[in-house]
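Convention: sequence-line order gives letters A, B, ...; per-chain numbering from 1.
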Protein chains: 2
Amino acid sequence: MGADILVVEDEPAIQDLVAVNLLRAGYQVRKAFSAEEAQLEIKATLPDLILLDWMLPGMSGIDLARRLRLEPRTRDLPIIMLTARSGEVDKVVGLETGADDFVTKPFSPRELTARIQAVLRRRAPHAAEEASCVGGLQLDPRTHRVSAGAAELKLGPTEFRLLHFLMTHPERVHSRVQLLDQVWGDHVFVEERTVDVHIRRLRATLAQTGHDTLIQTVRGNGYRLSAKPKN
Amino acid sequence: MGADILVVEDEPAIQDLVAVNLLRAGYQVRKAFSAEEAQLEIKATLPDLILLDWMLPGMSGIDLARRLRLEPRTRDLPIIMLTARSGEVDKVVGLETGADDFVTKPFSPRELTARIQAVLRRRAPHAAEEASCVGGLQLDPRTHRVSAGAAELKLGPTEFRLLHFLMTHPERVHSRVQLLDQVWGDHVFVEERTVDVHIRRLRATLAQTGHDTLIQTVRGNGYRLSAKPKN
DNA sequence: CAAGTCTGTCACCAAGCTGTAACAGATCGG
DNA sequence: CCGATCTGTTACAGCTTGGTGACAGACTTG
């Protein structure tokens with residue numbers, strides 16, 4: 001599901017225009033007509049990004065941005081400023097508030113979504129996941145490598161994700177349905193038995209180093225990754 | 001230690017804000033309120049880069065840039081112009097004077113530092129980073145050279161930046177999107193598959209010395225530069 | 001300005017991966 | 001020991017992904 005974006009813009013026409021484009025691009029959109037309204041929205045639920053008009057009645061976008069930067073909870077909230085074509089004042093403000101990007105009106109929908117994507121990618125660079133290690137098996141998501149001692153194992157994408165999940169949730173039994181949800185994704189419709197096949201493929205690869213025994217079958221319940229012996 | 005940057009800007013507020021952001025980004029900052037003052041600073045110590053406001057009282061930024069280009073000592077000094085206007089004419093004139101880049105107000109702090117880095121990488125004779133070395137391949141940003149043992153390799157600009165990024169972030173998998181952000185830049189609209197083509201071109205060149213195997217494809221995830229065997 | 005270089009895109013092909021079905025084997029309760 | 005379930009294994013057709021060569025346009029460079 002797309003990111004949750006809060007659009008703060010007093011001009012209804014522009015707000016609608018932006019909202020429609022964001023929705024079409026697959027984002028979830030919330031709206032606010034003023035900085036005050038925006039604060040309430042943010043207090044309720046932290047959005048993933050704010051599109052903030054810098055000229056607003058009452059508290060200006062600049063003021064809001066400034067306040068958001070002060071609060072720990074909202075300090076890292078990505079902000080994209082919407083500005084009219086302008087000069088010096090904007091520059092001062094922009095540097096001061098530390099907005100993540102600027103989009104100058106008029107802007108194309110394509111430009112807007114491209115910038116949003118860029119900022120989101122930049123801000124949330126999948127917090128460097130740690131490498132896992134279970135029973136002599138090592139898996140590092142950053143390098144996308146699986147190794148057992150000196151030997152390195154080659155896994156397909158699905159087997160990799162499957163092993164990744166198992167290694168980050170070891171010693172627990174996971175039903176086929178749970179595995180499908182976690183590894184394949186909730187919305188995917190796939191036969192339960194498919195899990196078996198991938199478990200088999202995973203085991204076949206792990207067997208190269210004898211680590212296939214880590215994956216245990218729990219009859220009637222599912223599978224479990226465990227460093228302990230089987231019984 | 002960061003590069004030494006001279007900020008030439010007559011408006012105190014803007015100068016301060018720029019300075020604060022550059023300091024935060026790890027640069028050393030010197031300030032000048034006029035072109036004349038800037039000349040004295042430069043005469044005293046040659047900075048690594050100049051941020052030059054287009055409009056200055058007395059001698060304009062353009063004039064200063066032009067003069068710097070005439071002196072052998074300052075001919076290769078990187079210059080980034082700050083301008084409020086965005087018209088084509090300005091850019092033409094600016095490029096004529098030999099500015100290395102243009103930053104149009106308003107701009108984000110990130111944009112500014114990104115441009116500075118880009119210009120430094122491209123031009124700076126002494127402020128650049130160190131050479132990298134992976135798996136017998138050497139890349140020196142200062143001399144803009146890539147060599148494998150005795151042999152020297154010729155790369156196009158994009159391939160060079162791509163290899164540079166990979167070599168400074170080895171062993172990690174980078175998705176196409178990440179590579180586009182890092183090597184091409186956030187604001188560029190380019191097809192993801194274009195990365196493939198440049199990877200291929202890079203590999204083709206590296207194949208001259210057998211180093212093409214360093215670049216590994218991680219199916220479904222992206223690419224990785226690694227000294228370890230492919231597997 | 002002309003030749004050459006670099007870039008981004010595309011179409012096509014090869015290779016690898018995936019989900020299913022079908023069958024074989026294993027396990028369990030009685 | 002038997003039937004009923006559950007799981008392991010295999011083969012395979014279809015799909016997705018990445019590699020490759022060609023090409024037009026932009027950009028350099030002499």
Check the phosphate of [N] against [X], side-chain N and O only, distance under 4.0 Å to OP1 or OP2. Yes or no?
X      : N      : result
B:T158 : C:dT7  : yes
A:T194 : C:dT20 : yes
A:T217 : D:dG8  : yes
B:Y223 : D:dT17 : no

Q | Among C:dC6, D:dT20, C:dA15, the nucleotide that comes nearest once only the side chain of B:R219 is considered | A |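 So the nucleotide nearest the side chain must be C:dA15.
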Quick one: does [X]'s side chain have a donor or acceptor within less than 3.5 Å of a partner on [Y]'s backbone?
X      : Y      : value
A:R161 : A:V183 : yes
B:Q182 : B:L179 : no
B:Q15  : B:A32  : yes

Q: Kindly write out the residues that satisfy side-chain contact (heavy atoms from CB on, under 4.5 Å) with B:Q208, not counting sequence neighbours, or none if the list is empty.
A: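 Per chain and number, B:Q208 pairs via side-chain contact (heavy atoms from CB on, under 4.5 Å) with B:L153, B:T205.
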Q. Considering residues at least two apart in sequence or located in another chain, which fulfil the side-chain contact (heavy atoms from CB on, under 4.5 Å) criterion with B:L49?
A.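 If we apply the side-chain contact (heavy atoms from CB on, under 4.5 Å) test to B:L49, skipping adjacent residues, the hits are B:I5, B:L51, B:P78, B:I80, B:I116, B:V119, B:L120.
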Q. Hey, does A:F160 reach any base, or is it just sugar-phosphate, or nothing, if we go heavy atoms under 4.0 Å?
A.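 Contact class for A:F160: none.
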Q | Touch class at under 4.0 angstrom, heavy-atom based, for A:E192 against every strand present | A |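 The answer is nothing, as A:E192 stays clear of every strand by at least 4.0 Å.
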In whole angstrom, give the distance that lies between atom [atom1] of [X] and atom [atom2] of [N].
X      : N      : atom1 : atom2 : result
B:E191 : C:dT9  : CD    : C1'   : 7 Å
B:N221 : C:dG16 : CG    : P     : 17 Å
A:D212 : D:dT7  : CG    : C1'   : 16 Å
B:R161 : C:dT7  : CZ    : C1'   : 11 Å
B:E159 : C:dG8  : CD    : C1'   : 12 Å

Q | Residue met sooner reading DNA chain C from 5', once A:P157 and A:R193 are mapped to nucleotides | A |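 On the 5' side of the pair lies A:P157.
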Q: Measure the shortest side-chain to side-chain distance between B:V8 and B:D53 over non-hydrogen atoms and say whether it is less than 4.5 angstrom.
A: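 No, every pair of side-chain atoms sits at 4.5 Å or beyond.
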Q. Of the residues in residues 165-184 of chain A, which ones touch DNA chain C at a heavy-atom distance under 4.0 Å?
A.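 When residues 165-184 of chain A is checked for heavy atoms under 4.0 Å from DNA chain C, the hits, listed by number, are A:W184.
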Q. Does any residue of residues 195-206 of chain B have a heavy atom under 4.0 Å from DNA chain C, and if so, which ones, in number order?
A.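 Residues of residues 195-206 of chain B under 4.0 Å from DNA chain C: B:V197, B:H198, B:R201.
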(Q) Using 30° and 60° as the class boundaries, would you call the ring planes of A:H198 and A:W184 parallel, tilted or perpendicular? (A)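 If you compare the ring of A:H198 with that of A:W184, the planes turn out perpendicular.
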Q | Listed once per pair and sorted, the side chain to side chain donor-acceptor pair (under 3.5 Å) pairs that draw on residues 146-155 of chain B, sequence neighbours left out | A |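 Those involving residues 146-155 of chain B are B:R145-B:E152.
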Would you give the length of the straight line joining atom [atom1] of [X] to atom [atom2] of [Y], rounded to the nearest 0.5 angstrom?
X      : Y      : atom1 : atom2 : answer
B:E159 : B:L166 : CD    : CG    : 11.5 Å
A:D48  : A:Q28  : CG    : CD    : 9.0 Å
A:L202 : A:Y223 : CG    : OH    : 11.0 Å

Q: Please test B:H164 against B:L155 for side chain to side chain contact (heavy atoms under 4.5 Å, CB included), starting from the C-alpha separation and ending with a verdict.
A: CA-CA 11 Å; B:H164 184 24; B:L155 293 176; over 6 Å; no
Q.
At 10 degrees resolution, what angle do the end axes of the helix from C:dC1-D:dG30 to C:dG30-D:dC1 form when each is taken over five base pairs?
A.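 Axis angle across the helix from C:dC1-D:dG30 to C:dG30-D:dC1, nearest 10°: 40°.
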